[in-house]
Amino acid sequence: MEREARRGEAETVRAVTRWYDENARDLPWRRPGATPWAVLVSEFMLQQTPVERVREPWARWLERWPTPAALADSPSGEAVRAWGRLGYPRRALRLHGAAVAIAERFGGEVPADLDDLRSLPGVGSYTAAAVASFAFGRRAVVLDTNVRRVIGRVAIGEAYPGTSPTRAETAVAEAYLPDEPAVAARWAVASMELGAVVCTARRPRCEGCPVPERCAWRRAGYPEWSGPPRRGQTYEGTDRQCRGALLAVLRSSDSPVGPEELEAAWPEPVQRERALASLVADGLVVGPAPEDGGDEVRWALPGGRGAGTSAP
DNA sequence: AAGTCGTGGGG
DNA sequence: TCCCCAAGACT
């Protein structure tokens with residue numbers, strides 16, 4: 001029974017990887033010349049952000065900071081500025097922090113070991129597995145939202161909701177993972193690609209699927225998600241929107257910004273002050289600067305290397 | 001462990 | 001228009 005199941009999974013792996021050979025998108029971080037650092041940067045940027053929005057910032061980022069050491073030598077605020085409008089700017093801070101850690105603890109080389117990767121700020125179980133697999137060809141369970149959806153549909157017959165992966169889910173994913181590292185790495189990209197372009201969340205293109213006959217979800221007649229309703233994320237008027245508006249002002253200014261400009265970006269005072277305080281707490285914003293001379297209150301992106309801690 | 005954290009495009 | 005959601009991590 002075990003052998004039977006694993007054989008079926010191996011067949012799925014073969015079919016999906018063959019499909020990938022013919023249908024893979026040409027993404028720059030997948031090209032042979034891409035360094036582990038380039039892959040790591042792409043993974044940070046791709047967290048919750050669509051591929052098409054990442055291409056250009058990724059290229060500019062690596063032009064400017066071709067190595068972890070290069071980024072580590074720049075102020076963290078420059079990373080926040082270069083992050084632009086990718087969203088979730090704390091990722092920029094964490095990527096900078098990861099670069100510092102790589103420079104200090106790993107001799108400037110992106111580590112290949114899962115636990116070492118996970119020790120870096122902003123690197124969770126998905127990103128660690130992705131870098132180990134994509135950059136180093138290691139055998140790792142790469143379980144992102146795409147792969148979860150593919151496995152959920154094919155093996156379980158129902159797509160999972162958007163919470164974090166369960167232990168049971170990881171066990172199913174492990175059953176698919178081929179023994180050979182190179183094959184496992186191939187399966188990781190291929191299954192992710194399938195979820196990204198064919199087995200999509202909305203309007204899946206089942207006509208283009210390499211394994212329709214193996215899909216439990218299709219056999220069951222494409223049932224809707226029967227569990228609890230997904231939590232909708234409102235955005236208008238939230239602190240997140242306010243933070244985004246304030247940070248956009250600071251990003252576009254080369255010099256510290258005074259209260260008038262922040263008021264213009266977000267008139268409501270209570271929420272503005274709360275959001276500003278949270279940005280400072282996160283290390284995304286610093287100020288007022290004491291050495292700035294007068295008692296004028298001004299704010300800026302962080303100038304030092306540390307996240308939140310300014311140099312003396 | 002549910003909430004928080006940006007931004008923009010497509011159905 | 002509105003709603004969904006896109007290679008998650010952290011607390």
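First the proteins, then the strands, lettered A, B, ... as listed; each starts at 1.
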field: Proximity to the side chain of Y88(A) - top-ranked nucleotide from dC5(B), dG11(B), dA7(C)
entry: dC5(B)

query: Is there a donor-acceptor pair closer than 3.5 Å between any side-chain N or O of R218(A) and the backbone N or O of C206(A)?
result: no

message: Within residues 42-49 of chain A, which residues have any heavy atom lying less than 4.0 Å from an atom of DNA chain C?
response: E43(A), L46(A), Q47(A), Q48(A)

message: Given dA9(C), dC5(B), dA6(C), identify the nucleotide with an atom nearest to the side chain of T127(A).
response: dA9(C)

field: Between C1' of dC10(C) and CZ of R240(A), the distance in whole Å
entry: 14 Å

statement: Side-chain contact check for R90(A): nearest option of dC5(B), dG9(B), dA7(C) is dC5(B)

message: Between R203(A) and D239(A), which residue's closest nucleotide on DNA chain B lies nearer the 5′ terminus?
response: D239(A)

field: From dC5(B), dT7(B), dA7(C), nucleotide with atom closest to Y235(A) side chain
entry: dT7(B)

Separation of atom CZ in R94(A) from atom P in dT11(C), rounded to whole Å: 7 Å

Separation of the P atoms in dA9(C) and dG8(B), to the nearest angstrom: 23 Å

- prompt: Of all the nucleotides listed (dG11(B), dA6(C), dA9(C)), which has the minimum atom distance to the side chain of T145(A)?
  reply: dA6(C)

query: R53(A) or R118(A): which one's nearest nucleotide on DNA chain C is closer to the 5' end?
result: R53(A)

field: Nearest to side-chain heavy atoms of R202(A), which nucleotide of dG8(C), dG6(B), dG10(B)
entry: dG10(B)

task: Quote, to the nearest angstrom, the C1' distance that separates dA2(B) from dA7(C).
output: 23 Å

message: In terms of relative ring orientation, are W187(A) and Y176(A) parallel, tilted or perpendicular, with 30° and 60° separating the classes?
response: parallel

task: Rounded to whole angstrom, note down the C1' distance from dA1(B) over to dG8(C).
output: 16 Å

